[in-house]
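Have a look at the structure below before the remarks.
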Amino acid sequence: MRTPLSRVRGLGSAHEGTGHFWKQRLTAVANVPLVLGFVWFVICALGSTRAEFAASAGNPFVAALLILFIVSGVVHMKLGMQVIIEDYVHGEGAKLAALMGNIFFCAAAGLVGVLAVLKLAFGG
Amino acid sequence: MAEISEAGNGADKRPLSPHLQIYKPTITMTMSIVHRITGAGLYFGTLILIWWLASAASGPEAFDFAQDVLGSIIGRLVLFGYTWALFHHMLGGIRHFIWDSGAMLDKHTASKVAWASLAGSVVLTLLTWIVGYAAM
Ligand code: HEM
């Protein structure tokens with residue numbers, strides 16, 4: 001039986017329950033090793049030519065690290081910026097525009113990053 | 001600030017909770033604000049990372065140009081700040097994981113952990129750059 005109470009129970013005002021919190025923490029946990037791996041990658045890439053850089057990104061493990069970092073990173077920063085917007089932007093129109101802009105920005109950054117790594121990984 | 005309500009329903013006299021400027025800054029409060037600032041900084045800093053990868057995918061000239069820009073004094077300063085923001089935010093995030101488990105929430109421990117994460121972020125940043133310069 002679906003009473004109004006049972007439908008809203010546990011979901012809160014955003015209607016997604018703890019979904020946002022969970023995804024924020026999931027990506028945050030993933031980010032710890034990925035960030036450390038990425039920093040290590042940058043140190044290794046210092047002073048390398050483009051050919052050397054492409055060769056190291058051609059290693060599937062390195063390419064996977066970069067892609068995971070980009071995907072986990074953009075999902076995490078989309079969730080994080082959403083909270084900042086919800087905290088400070090109160091006008092309904094401006095808030096909607098900012099929330100949409102946030103998603104567009106993160107999706108575009110993520111797509112360009114992943115395409116760049118894939119191109120390098122496949123020998124471009 | 002507070003405007004007098006024309007409705008005359010006393011809405012203007014409702015008590016407001018005290019806001020930030022009323023408190024003496026504490027280390028936990030400062031670190032919380034910095035966690036948000038570093039998060040936002042990293043958000044826009046991601047553009048540098050994506051630009052760098054895209055330049056590598058575009059070709060040697062684009063990559064050399066990006067390397068030159070990032071290797072310049074200003075580029076290095078920005079990247080140094082990015083490194084610190086990354087480590088500070090990472091340690092701040094790990095603090096959140098610890099709190100989520102219910103541990104280390106009492107006032108004195110929380111302050112100690114906040115100082116430790118600030119110190120840790122500086123140490124990790126310097127270490128990374130020392131290793132980076134040694135590797136070059
Ligand atoms: C290094 C690993 C990282 C960890 C462990 C981490 C952890 C966290 C956690 C736990 C939060 C939620 C804080 C809260 O609930 O109040 C958060 C917020 C945030 N993170 Fe991260 N993060 C990491 C990397 C990043 C990166 C790489 C970016 C951006 C590219 C980023 C951007 C943000 C933003 C914008 C917020 C929102 C800040 C706020 O609400 O005050 N984080 N992070």
Side-chain angles (χ1 to χ4, degrees), chain A residues 21-22 24-25 27-36 38-54 56-57 63 66-67 69-70 73-74 76-81 83-85 87-88 102 105-106 108-122 124, chain B residues 33 35-68 70-71 76 79 82-97 99-101 124-125 127-136:
Chain A
F21 178 85
W22 165 247
Q24 178 92 55
R25 289 307 187 270
T27 53
V29 170
N31 277 350
V32 175
L34 293 172
V35 158
L36 295 175
F38 175 71
V39 168
W40 163 77
F41 170 78
V42 172
I43 289 176
C44 292
L46 287 174
S48 65
T49 65
R50 196 251 175 191
E52 291 162 346
F53 189 86
S56 70
L66 291 173
I67 291 174
F69 175 56
I70 292 167
V74 294
H76 177 86
M77 73 190 214
K78 177 264 171 189
L79 295 164
M81 189 52 75
V83 175
I84 297 181
I85 292 166
D87 277 356
Y88 302 131
N102 179 37
F105 178 86
C106 296
L111 186 59
V112 174
V114 169
L115 285 176
V117 174
L118 286 179
K119 179 159 186 263
L120 289 166
F122 290 121
Chain B
I33 296 167
H35 188 77
R36 172 157 287 192
I37 294 172
T38 52
L42 293 170
Y43 183 95
F44 294 106
T46 301
L47 281 179
I48 302 174
L49 155 68
I50 300 298
W51 171 64
W52 184 56
L53 290 173
S55 79
S58 305
E61 295 84 26
F63 185 65
D64 287 345
F65 176 68
Q67 291 286 75
D68 284 348
L70 295 174
R76 279 172 208 232
L79 289 180
Y82 184 87
T83 313
W84 176 76
L86 198 55
F87 282 130
H88 189 282
H89 189 89
M90 182 180 85
L91 294 179
I94 291 171
R95 248 162 19 114
H96 272 279
F97 304 153
W99 290 330
D100 290 347
S101 78
L124 283 177
T125 304
L127 219 71
T128 300
W129 279 71
I130 289 169
V131 172
Y133 271 106
M136 265 201 322

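Here is how names work: the chains are called A, B, and so on, in the same order as the sequence lines, proteins then strands, and each is numbered from 1. Since the structure is predicted, the reported quantities are computational estimates derived from the model, not experimental observations.
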The test is ring pair (Phe, Tyr, Trp, His ring centres under 6.0 Å); show your working for A:F41 and A:F53 and say whether it passes. CA-CA 10 Å; A:F41 170 78; A:F53 189 86; 5.6 Å; yes
Apply side-chain contact (heavy atoms from CB on, under 4.5 Å) to A:V32 and B:M90, showing your working. CA-CA 7 Å; A:V32 175; B:M90 182 180 85; 4.2 Å; yes
Run the numbers on B:H35 and B:H96 for side-chain contact (heavy atoms from CB on, under 4.5 Å), then give the verdict. CA-CA 10 Å; B:H35 188 77; B:H96 272 279; 4.2 Å; yes
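Using a 4.5 Å cut-off between heavy atoms, B:L86 touches chain A through its side chain atoms alone. Heavy-atom distances place no part of B:L124 under 4.5 Å from chain A, backbone and side chain included. Interface residue A:V117: only side-chain heavy atoms are found under 4.5 Å from chain B. Neither the backbone nor the side chain of A:V114 comes within less than 4.5 Å of any heavy atom in chain B. Looking at B:T128, the atoms closer than 4.5 Å to chain A (heavy atoms on both sides) sit in the backbone and in the side chain alike. Looking at A:D87, the atoms closer than 4.5 Å to chain B (heavy atoms on both sides) all sit in the side chain, from C-beta outward. Both the backbone and the side chain of B:Y43 come within contact range of chain A, judged by heavy atoms closer than 4.5 Å. Contact of B:W51 with chain A is not made at all, since no heavy-atom distance falls under 4.5 Å. Using a 4.5 Å cut-off between heavy atoms, A:A57 makes no contact with chain B at all. Only the side chain of A:L36 comes within contact range of chain B, judged by heavy atoms closer than 4.5 Å. For B:L70, no part sits under 4.5 Å from any heavy atom of chain A, backbone or side chain.
Heavy-atom pairs under 4.5 Å with chain A were tallied for B:A62, B:G59, B:S55, B:G132; the largest tally goes to B:G59. Between chain A and the residues B:L42, B:T46, B:D64, the largest count of heavy-atom pairs under 4.5 Å involves B:T46. Note: A:I84 leads A:V35, A:V74, A:I84 in heavy-atom pairs under 4.5 Å with chain B. Top candidate by heavy-atom pairs under 4.5 Å with chain A, chosen from B:A135, B:G71, B:G93, B:P60, is B:P60.
A:F105 approaches A:M77 most closely through the heavy-atom pair CE2-CE, 3.6 Å. The shortest non-hydrogen separation linking A:G113 to B:I50 is CA-CD1, 3.7 Å.
Once rounded to the nearest 0.5 Å, the distance linking CD of B:Q67 with OG1 of A:T49 reads 9.5 Å. Rounded to the nearest 0.5 angstrom, A:L79 CG and A:R25 CZ are separated by 10.5 Å. Distance check: B:T38 OG1 to B:W84 CH2 gives 6.5 Å after rounding to the nearest 0.5 Å.
Within the 4.5 Å cutoff, the side chain of B:F87 has no heavy atoms near those of the B:L127 side chain.
With A:K119 contributing its side chain and B:A57 its backbone, the two residues share a donor-acceptor pair below 3.5 Å.
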